[in-house]
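Just the heavy atoms: all of them, side chains too, but no hydrogens, waters or symmetry mates, feed the values below.
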Amino acid sequence: MTNALRAHRLATLLALGAAVALSGCLTQRVKPTPSKAVADARAHRTAAPAPACPVLGDTASVGFGFGAATIGEVAQPELERVAQLLACHPQVSAVIVGQADGHGTDAEQKTLAQARAEAVAAGLRSRGVAAARLRLVQGAAPPAAEGRLVVMAEGRRW
């Protein structure tokens, strides 16, 4: 056998060895199929946990800008939280208390308080809360009671 032939065979063997080393094995490995019990356990482990209902508090407060009766971007998360509370607790009704800023005549304050309460009610209705579960009041907040959430529609007072 000549040196050239030996070198060629050696190069071929080295190339084949490198290919085997990189692939690990020349035979394909078949991954075993898990049993139904294992598949169910894996599916349960990776499933997202069910969302928990938030704890129902006594009152919630939806804030308004000074002299405004429209719900701004800052108050949207609180309104969403109240809607979520009412969705999770279907036996609870909401008493929406409209309050004014404390500036202006009594008639202006009464109109502003009513408009704020109506804005909160409209925001809750648009989020799926039934109108029958909402009651609008003005003035002092009624005391918190079982099965009732008091939602304050209030503005800044200074």
For Ser126 against Gly123, the heavy-atom pair lying closest together: OG-O, 2.8 Å
Residues in side-chain contact (heavy atoms from CB on, under 4.5 Å) contact with Thr105, at least two apart in sequence or another chain: Ala107, Glu108
Partners passing side-chain contact (heavy atoms from CB on, under 4.5 Å) against Ser35 (at least two apart in sequence or in another chain): Ala37, Val38
Pairing residues for Arg127 by the salt bridge (Lys or Arg N to Asp or Glu O under 4.0 Å) criterion, not counting sequence neighbours: Glu80
Check: Arg116 side chain, Ala68 main-chain N or O, donor-acceptor pair, under 3.5 Å: yes
Val95 and Val151: CA distance, side-chain angles, deciding distance, side chain to side chain contact (heavy atoms under 4.5 Å, CB included) verdict: CA-CA 6 Å; Val95 176; Val151 181; over 6 Å; no
side-chain hydrogen bond (donor to acceptor under 3.5 Å, both in side chains) partners of Ser61, counting only residues at least two apart: Glu154
Heavy-atom closest pair, residues Gly67 and Asp101: N-OD2, 2.5 Å
Distance in Å, Leu79 CG paired with Ile71 CD1, rounded so as to fall on 0.5 Å steps: 4.5 Å
Val137: which of Val150, Ile96, Val97 passes side-chain contact (heavy atoms from CB on, under 4.5 Å): Val97
Stepwise side chain to side chain contact (heavy atoms under 4.5 Å, CB included) test for Met152 and Val120: CA-CA 9 Å; Met152 305 297 290; Val120 170; over 6 Å; no
Listed partners of Glu78 passing side-chain hydrogen bond (donor to acceptor under 3.5 Å, both in side chains), at least two apart: Arg81
Contact summary for Ala69 and Ala119, nearest pair of heavy atoms: O-CB, 3.3 Å
Value rounded to 0.5 Å, distance of NZ in Lys110 from CG in Leu112: 13.5 Å
Within residues 63-75 or reaching into it, pairs that qualify as salt bridge (Lys or Arg N to Asp or Glu O under 4.0 Å) - sequence neighbours excluded: none
Contacts of type side-chain hydrogen bond (donor to acceptor under 3.5 Å, both in side chains), residue Arg125, not counting sequence neighbours: none
Same apolar cluster: Leu136 and Val129, side chain cutoff 4.5 Å: yes
Worked check of side chain to side chain contact (heavy atoms under 4.5 Å, CB included) between Thr70 and Phe64: CA-CA 7 Å; Thr70 57; Phe64 289 84; 5.8 Å; no
Ala60 versus Leu149, closest heavy-atom pair with distance: N-CD1, 4.5 Å
Non-hydrogen atoms of Leu86 and Ala94 that approach each other most closely: CD1-CB, 4.0 Å
Glu118: partners by salt bridge (Lys or Arg N to Asp or Glu O under 4.0 Å), with sequence neighbours left out: none
Contact summary for Ala100 and Ala113, nearest pair of heavy atoms: N-CB, 4.0 Å
Any side-chain heavy-atom pair of Leu85 and Val92 under 4.5 Å: no
